[in-house]
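The next block holds one structure in the form of structure tokens; read it before the comments.
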Amino acid sequence: MSDRQQVLDRIRQALGSRPDGEANPVHPVSRTYAHQHGDRTPAETTALLVQTLEEYKATVHRTIPARAAELVARLVAERESAYVIVPPGLPDDLLKLVGCSIERESADLTARRLDTFGSVITGCALAIAETGTIVLDAEPDQGSRKLTLVPDHHICIVYEQQIVGSVPQAVARLSPTRPMTWISGPSASSDIELNRVEGVHGPRHLDVLVVATT
Amino acid sequence: MSGTYLGMPAFPEAARQALGDDTLRANLRHATHTIRDKRARAVAELDDWAELREAGKQIKDHTLQHLDIYLLQLEEAVTAAGGTVHWAADAAQANRIVTDLVKATGETEVVKVKSMATQEIELNEHLAAEGITAYETDLAELIVQLGDDRPSHILVPAIHRNRSEIRDIFRDRMGIWGRPAPEGLTDEPAELAEAARLHLREKFLRAKVGISGANFMVAETGTLVVVESEGNGRMCLTLPDTLISVVGIEKVVPTWRDLEVFLQTLPRSSTAERMNPYTSMWTGTADGDGPQNFHLVLLDNGRTDTLADEVGRQALRCIRCSACLNVCPVYERAGGHAYGSVYPGPIGAILTPQLRGTTSEVDASLPYASSLCGACYEVCPVAIDIPEVLVHLRERVVDQGGHQLERAAMSAAAWAFDHPAVLAAGQRMASRTRRLHPSRLPGPGRAWSDSRDLPPVPDMPFRDWWQRQQGEKGDAQ
């Protein structure tokens with residue numbers, strides 16, 4: 001007997017007989033938990049995101065669309081990155097003032113080559129205020145999952161209308177079939193005496209631009 | 001990792017040895033108390049914690065009740081998304097499948113994300129025997145692997161090590177496995193993390209095969225979820241060409257929406273964070289993003305035996321947060337190694353004897369490795385009633401024979417209760433010899449009376465007292 005059949009048989013034996021009509025089980029879960037925690041205006045939601053991001057050691061910059069390019073250029077310069085990598089669909093407008101070499105992600109970009117870039121600049125799918133989380137879902141303005149992993153400095157652009165309040169609101173908006181990375185602060189570890197230390201394998205510097213809706 | 005638990009002493013003996021280690025006790029006390037208070041604060045932030053906990057319990061219970069259906073749905077979804085699904089009835093089969101998959105790539109080294117399932121089946125040892133080197137990349141797993149040690153905690157396998165011990169391990173052992181630790185390494189946690197970053201980066205960049213577990217698998221979409229902190233998980237899940245995920249069959253949840261519960265309860269329960277730094281989600285393979293070959297190995301290895309026990313099956317709800325370890329007074333003092341399994345602490349005490357059976361001495365002793373204080377049940381984010389299962393498993397151990405002495409004592413008592421005259425004579429004898437009773441039991445009972453007072457024997461058995469009372473009443477009338 002195959003292992004597959006053996007495991008399935010054991011499960012059915014363990015559960016005993018099931019009433020008919022349960023081949024397509026309804027999924028009766030009492031979802032009495034909150035859809036979001038507390039009532040907030042959009043401005044309060046943005047303020048909460050800034051707070052939660054900062055509490056987990058991301059650096060947050062609030063700006064307006066007309067000033068975003070200037071800010072991006074300054075952050076790259078401050079990090080002294082000589083090479084910057086960006087996803088194929090990130091708008092040129094945001095990059096026009098960057099003073100160093102910029103490359104767009106191509107299909108043949110290897111991890112080893114990616115390791116030579118100082119900064120990566122991306123957009124995001126959405127951000128979650130209550131938890132300080134940015135979600136990337138590999139759309140053209142975000143690139144593949146490895147793009148935001150190997151360089152040591154990640155600049156992420158969040159437009160105010162992309163901010164949701166809570167985890168349930170985020171889950172409802174996202175499409176699970178896309179490869180996804182949920183990011184909450186720079187890489188960290190709790191493995192030494194159960195104390196959080198920032199800076200292990202992922203980017204050690206996370207700059208988040210929160211761009212106001214005009 | 002020297003992962004063999006063969007010949008482990010029973011819990012009481014292993015715990016006694018651990019209690020003699022002052023450094024270990026200090027390390028554990030410091031770490032568990034730090035996280036305990038932080039977890040309480042993270043949980044208190046959500047005023048619907050009780051509802052989230054109840055929903056998590058219900059989702060898991062419903063899934064377990066229909067496990068075959070959801071696994072088949074998952075298999076179909078993963079396959080449709082470009083992945084390959086394998087089934088393993090036991091550890092040997094899972095190891096065989098993984099070894100064959102790695103050999104088919106022609107590679108002799110793999111990078112690993114921390115995974116309880118692969119520890120449970122001792123995958124690293126099997127791969128080593130086949131000439132394949134598995135590099136652990138989680139910081140705590142790295143400490144354990146470099147130190148040729150055993151994991152002692154679900155979340156932080158090196159919790160028994162303090163920062164200066166970690167510094168010594170890095171300094172002495174990193175060079176043997178690859179890039180040596182930087183000169184003059186101190187025991188500052190940030191410096192230790194930096195040393196791990198440098199040591200592992202080269203391995204990540206050249207890796208062709210990654211091996212992981214998963215925290216959740218979504219049946220309706222075929223999506224796998226790995227929750228982590230450091231980014232080593234992302235490295236292993238996205239850079240290699242081939243990804244092999246070994247996942248226990250109980251990790252499936254029915255719908256995408258179900259994750260909204262666990263992505264709130266898991267980070268707060270485990271590391272006391274609102275959200276862990278990185279969560280990766282992938283569905284089969286994606287063009288131009290991540291591994292182009294994806295294999296999912298569904299592992300039984302005793303889980304269906306656990307499912308067959310109506311009381312014990314709630315252990316399969318576990319999402320491996322380790323909150324129960326951090327609050328347990330027994331774990332805090334005895335440490336993780338005493339449990340003789342990759343699953344230590346309260347959850348280990350109910351999971352291990354169900355996965356492995358209660359035939360070995362250490363496994364039969366695990367249901368007794370608890371004072372039944374109930375703190376573990378209080379903090380469990382999926383409401384596993386660990387004390388209930390512990391008591392249930394004690395019954396099982398007793399039914400299969402129990403302790404020899406206890407058996408002898410019980411049959412003697414049964415005989416005495418069957419013979420009233422013998423019982424009465426015994427009781428009178430006990431009362432008359434009161435002054436000669438020792439304050440501690442002799443022989444094997446000694447350990448029990450080390451920390452307990454013996455119940456005093458009354459100066460007259462109850463039956464005699466009753467008879468006398470009745471007699472006096474009769475006289476008065």
Side-chain angles (χ1 to χ4, degrees), chain A residues 2-4 6-8 10-15 22-23 25 27-34 37 52 56 107 111-112 115 128 130-133 138 144-146 149 167-168 171-172 176-197 199-202, chain B residues 30-31 34-35 46 48 51-52 55 58-59 62 66-69 87-89 93 139-140 156 158 162-163 166 189-190 192-193 196-197 205 218 221 223 229-232 234-235 238-239 254 256-257 259-260 263-264 271 274-275 277-283 286 288-290 300 304 307-308:
Chain A
S2 73
D3 276 51
R4 180 177 186 272
Q6 200 179 337
V7 174
L8 289 169
R10 283 185 196 163
I11 292 170
R12 287 166 188 152
Q13 205 174 354
L15 292 173
E22 285 211 33
H27 182 21
V29 174
S30 69
R31 298 187 192 271
T32 51
Y33 49 86
H37 297 90
T52 51
Y56 283 153
R112 205 169 282 282
D115 198 31
I128 308 170
E130 287 182 5
T131 57
T133 304
S144 71
R145 285 176 289 165
K146 68 171 182 287
L149 171 64
V167 172
V171 166
T177 51
R178 301 201 59 80
M180 250 184 274
T181 308
W182 294 36
I183 297 172
S184 308
S187 123
S189 174
S190 299
D191 281 356
I192 300 166
E193 301 175 2
L194 266 170
N195 259 317
R196 183 170 159 129
V197 193
V200 199
H201 304 295
Chain B
H30 172 67
T34 305
I35 194 73
L46 301 186
D48 61 339
E51 287 81 8
L52 284 166
Q58 288 184 19
I59 291 166
H62 169 82
H66 304 87
L67 191 57
D68 51 336
I69 295 167
W87 299 68
Q93 178 65 6
L139 181 49
V156 191
N162 63 34
R163 56 184 75 186
I166 295 168
L192 296 172
R197 179 184 170 97
L205 295 181
V218 181
T221 60
T223 307
S229 295
E230 296 164 13
N232 65 304
R234 292 179 69 192
M235 293 278 181
T238 55
L239 298 186
W256 167 245
R257 190 182 173 192
L259 293 179
E260 72 187 18
L263 290 178
Q264 294 191 80
T271 49
R274 296 187 183 114
M275 190 63 84
Y278 296 131
T279 299
S280 294
M281 303 184 185
W282 72 98
T283 305
D289 192 335
D300 178 349
T304 47
L307 186 66

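Here is the naming used below: chain letters follow the sequence lines, and residue numbers restart at 1 for every chain. No hydrogens, no waters, no symmetry mates; every other heavy atom, side chains included, goes into these values.
Rounding to the nearest 0.5 Å gives a distance of 5.0 Å between NE2 of A/His201 and CD of B/Glu230. B/Leu263 contributes atom CG, which lies 5.0 Å from atom CH2 of A/Trp182 (distance to the nearest 0.5 angstrom). One finds the OG1 atom of A/Thr181 at 11.0 Å from the CH2 atom of B/Trp282 (value rounded to the nearest 0.5 Å).
Both the backbone and the side chain of B/Ile59 come within contact range of chain A, with heavy atoms under 4.5 Å apart. Contact annotation for B/Ile166: only side-chain heavy atoms (C-beta onward) come within less than 4.5 Å of a heavy atom of chain A. When heavy atoms are compared at a cutoff of 4.5 Å, A/Arg145 approaches chain B by way of both its backbone and its side chain. For chain A, the nearby parts of B/Asn232 are the backbone and the side chain; heavy atoms of each come within less than 4.5 Å. For B/Leu307, the parts lying near chain A are the backbone and the side chain together; criterion is any non-hydrogen pair under 4.5 Å. With a 4.5 angstrom heavy-atom cutoff, A/Thr52 touches chain B via backbone and side-chain atoms both. Using a 4.5 Å cut-off between heavy atoms, A/Ala107 does not touch chain B at all. Heavy-atom distances place both the backbone and the side chain of B/Ala55 under 4.5 Å from chain A. Both the backbone and the side chain of A/Val171 come within contact range of chain B, each with at least one heavy atom under 4.5 Å from a heavy atom of that chain.
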**Request:** Kindly indicate, with the supporting measurements, whether the criterion salt bridge (Lys or Arg N to Asp or Glu O under 4.0 Å) is fulfilled by B/Arg163 and A/Glu193.
**Result:** CA-CA 7 Å; B/Arg163 56 184 75 186; A/Glu193 301 175 2; 3.1 Å; yes
**Request:** I would like to know whether A/Tyr56 and B/Arg274 meet side-chain contact (heavy atoms from CB on, under 4.5 Å); could you show each step before the answer?
**Result:** CA-CA 9 Å; A/Tyr56 283 153; B/Arg274 296 187 183 114; 4.1 Å; yes
**Request:** Verify side-chain contact (heavy atoms from CB on, under 4.5 Å) between A/Arg178 and B/Thr283, making sure each step is shown before the conclusion.
**Result:** CA-CA 7 Å; A/Arg178 301 201 59 80; B/Thr283 305; over 6 Å; no
**Request:** Output, in order, the C-alpha distance, side-chain angles, deciding distance and verdict of side-chain contact (heavy atoms from CB on, under 4.5 Å) for A/Ile192 and B/Leu139.
**Result:** CA-CA 8 Å; A/Ile192 300 166; B/Leu139 181 49; 4.1 Å; yes
**Message:** Run B/Ser280 and A/Met180 through side-chain contact (heavy atoms from CB on, under 4.5 Å) and show every step you take.
**Reply:** CA-CA 6 Å; B/Ser280 294; A/Met180 250 184 274; over 6 Å; no
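At least one side-chain heavy atom of B/Arg257 sits less than 4.5 Å from a side-chain heavy atom of A/Arg31. For the pair B/His62/A/Pro28, a side-chain contact is recorded, criterion being any heavy-atom separation below 4.5 Å from C-beta on. Looking at B/His66 and A/Leu15, their side chains never come closer than 4.5 Å, going by heavy atoms from C-beta outward. Taking 4.5 Å as the limit, some side-chain heavy atom of B/Arg234 sits within range of a side-chain heavy atom of A/Ile183. Counting heavy atoms from C-beta on, the side chains of B/Trp87 and A/Gln6 never come closer than 4.5 Å. No side-chain heavy atom of B/Gln264 sits under 4.5 Å from any side-chain heavy atom of A/Thr131. Two residues are said to be in side-chain contact when any heavy atoms from C-beta on lie closer than 4.5 Å; A/Ser187 and B/Tyr278 meet this criterion.
Your options are A/Lys146, A/Glu130, A/His37, and the one with the most heavy-atom pairs under 4.5 Å with chain B is A/His37. The candidate from A/Val197, A/Asp191, A/Val200 with the greatest count of non-hydrogen atom pairs under 4.5 Å with chain B is A/Asp191. Contacts with chain A were tallied for B/Ala190, B/Ala196, B/Ala140; B/Ala140 has the most, counting heavy-atom pairs under 4.5 Å. Of the residues considered (B/Ala31, B/Ala286, B/Pro277), B/Pro277 shows the highest number of contacts with chain A, using heavy-atom pairs under 4.5 Å. Of all the listed residues (B/Ala158, B/Ala193, B/Ala88), the one sharing the greatest number of non-hydrogen pairs under 4.5 Å with chain A is B/Ala88. Among B/Ala308, B/Ser229, B/Gly288, the residue with the largest count of heavy-atom pairs under 4.5 Å with chain A is B/Ser229. The candidate with the highest count of non-hydrogen atom pairs below 4.5 Å against chain A, out of B/Pro254, B/Gly290, B/Gly231, is B/Pro254. The most heavy-atom pairs under 4.5 Å with chain B, out of A/Ala188, A/Gly185, A/Gly199, A/Ser144, come from A/Ala188. Annotation: maximal heavy-atom pairing with chain B below 4.5 Å, among A/Thr133, A/Val7, A/Val29, A/Leu149, occurs at A/Leu149. Counting heavy-atom pairs under 4.5 Å between each of A/Gly202, A/Pro168, A/Ala138, A/Ser184 and chain B puts A/Ser184 at the top. Of the listed residues (B/Asn162, B/Asp300, B/Thr223, B/Val218), the one with the most heavy-atom contacts under 4.5 Å to chain A is B/Asp300. In terms of heavy-atom pairs under 4.5 Å with chain B, the best-connected choice from A/Ser190, A/Ala34, A/Pro176, A/Ser2 is A/Pro176.
Residue B/Ala89 comes nearest to A/Arg10 through the heavy atom pair O-NH1, 3.4 Å, listed as atom of the first residue, atom of the second, then distance. The shortest non-hydrogen separation linking A/Ile11 to B/Asp68 is CG2-N, 3.7 Å.
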